Protein chains: 2
Amino acid sequence: MSFDKILSLKGRILLYLADRGAFTDVIELSTIKLARDLGISQQSASRLLIELEGEKLIERRDLGRTRGVRLTEDALKILLEMHAHLKNIFEKPAELSLEGRVFTGFGEGAYYTQIPHYVKEFEEKLGFKPYPGTLNIRLIRHDDLLKRMILERAADIVIEGFSDGRRAYGGARCIFAKLNGEDVVIIFIDRTHYSKDVIEVIAPICLREKLKLSDGDRVRLTVKLNPTYLIRC
Amino acid sequence: MSFDKILSLKGRILLYLADRGAFTDVIELSTIKLARDLGISQQSASRLLIELEGEKLIERRDLGRTRGVRLTEDALKILLEMHAHLKNIFEKPAELSLEGRVFTGFGEGAYYTQIPHYVKEFEEKLGFKPYPGTLNIRLIRHDDLLKRMILERAADIVIEGFSDGRRAYGGARCIFAKLNGEDVVIIFIDRTHYSKDVIEVIAPICLREKLKLSDGDRVRLTVKLNPTYLIRC
DNA sequence: ATTACTATTTCCCGAGTAA
DNA sequence: TTTACTCGGGAAATAGTAA
């Protein structure tokens, strides 16, 4: 397993036993089999089992001609604590923070955010009717470009594209965020004209007014998301 | 942390970094601080960071006068895999299996299972009207007595007691199970007259008839439950 | 077959210290 | 201050082998 390198040999043995259900039942296990399965010597397997028994992490008993092992409550507690710890890291929302400067775009945002199809989609999926137009933010720091890629992957609210017979209108993906503390939605438009250092934001209100923003002002975007998304692309 | 003993030092460092959010941001970290926090020497901290960098599990960079570290995607994958593995062990339903012999009890079961208050509770909480009477099973193996204790803790369907003014009727705790493949409910009666080697079972049908059971017949009870319950008492 | 002892080797931690 | 080198000692792995 790829995570063997972060475990001690004793840890690998406890996990090996847990995998085989040795917290309810005594399982049959010879030092030779354990050694083979873990890629260590039989001698080490023997020594480690003796040590683990001394540390009250396993119990061993004779089962007729073979020997049985099971985890103790202490060992189970250790594994459960490890589990709880990793859960805490990977299943708790983390916050991603990006910084950029407001700029005036091509003016397309105002057009698209008023197309009835999109308005309906926004209302259904975001819960509000967007103020016409998008606020454009140009990222400053290089690290934030990476974060933008992460966000693009994490944005899981899908706005469907459509066609009116004359032309096709593309889709987009959204994610909720805060901009200087104000609730906003970051929108990643499928076929945007902007480069990868730009983030577009919509909100139910006029952000420029509410936050008194002018071109060149620095703004901070924060997004809460599950750290599982943070695997870099 | 109690789980330090199952981790290698490199594992502890990766977890240390993950705890501090070093999968999104570069964090400031001196070898001295790391050494102090992990209870190892500065020299070891230095060596381990160099090795981890060589293994492409961390990236280091100069931040002006201090040094920054962050986890690589590879390291994140390892931690996530560990997390997924423990999830699989502890959050997947496991099966507990017990064996015993049918015996005829004091006949109280038939009385209690027909009391309107209990019938109503059963129907609401178990989804069926029980066939009058409980099937009594005496456990055979010593290990199964332990499993009975686990089950008693895991039984989380609560049947409330009541009083009719003349006397008090006790409550019980239930858990769904299979008896020789048939859907049943194990019922742990709060103030039972039976000893700890007895399990009582109710079902919507007459189990003795359906499964052609007589006193002394061996039956197998299986219960699916979340392994978190398997922490022995 | 198995387990586990003793002997040997390998590897890793930490002290000393240079840059 | 900091990091990271060399090196000595001890822990931990394997080899050999007895029971």
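Keep in mind the model is a prediction, meaning the values are calculated, not measured. A, B, ... follow the sequence lines: proteins, then strands. Residue 1 opens every chain.
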Is [X] touching bases, backbone alone, or none of the nucleic acid, heavy atoms closer than 4.0 Å?
X: B:I40; result: sugar-phosphate
X: B:R67; result: sugar-phosphate
X: A:S46; result: base
X: A:S30; result: sugar-phosphate
X: B:L49; result: nothing

Give the rounded distance in Å between these two atoms: [atom1] of [X] and [atom2] of [N].
X: B:E53; N: D:dA4; atom1: CD; atom2: P; result: 8 Å
X: B:E51; N: D:dT3; atom1: CD; atom2: P; result: 16 Å
X: B:D62; N: D:dA4; atom1: CG; atom2: C1'; result: 14 Å
X: A:L48; N: D:dA12; atom1: CG; atom2: P; result: 10 Å
X: A:E28; N: C:dA1; atom1: CD; atom2: P; result: 17 Å
X: A:I58; N: C:dT3; atom1: CD1; atom2: P; result: 12 Å

Quick check for you: among [options], whose closest atom lies nearest to any side-chain atom of [X]?
X: B:I32; options: C:dA4, C:dC12, D:dT2; answer: D:dT2
X: B:Q43; options: D:dC5, D:dT14, D:dT3; answer: D:dC5
X: A:Q42; options: D:dA13, C:dC13, C:dA4; answer: C:dA4
X: A:I50; options: D:dA13, D:dC5, C:dA4; answer: C:dA4

Any B:S41 side-chain N or O less than 4.0 Å from OP1/OP2 of C:dC13: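 The answer is no; no side-chain N or O of B:S41 sits under 4.0 Å from OP1 or OP2.
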With a 4.0 Å cut-off on N to O distance, would you call B:E182 and B:K210 a salt bridge?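 B:K210 and B:E182: salt-bridged.
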Please say whether the positively charged group of A:R101, taken as NZ for Lys or CZ for Arg, lies over the ring of A:F103, i.e. under 6.0 angstrom from the six-membered ring centre and within 45 degrees of the axis.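 No, a cation-pi geometry is absent between A:R101 and A:F103.
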Within 45° of the ring axis of B:Y16 and under 6.0 Å from its six-membered ring centre, is that where the NZ or CZ of B:R20 lies?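 Yes; both conditions hold, so B:R20 lies above the ring face of B:Y16.
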Distance from A:I137 atom CD1 to A:R148 atom CZ, nearest 0.5 Å?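 If we round to the nearest 0.5 Å, A:I137:CD1 and A:R148:CZ are 11.0 Å apart.
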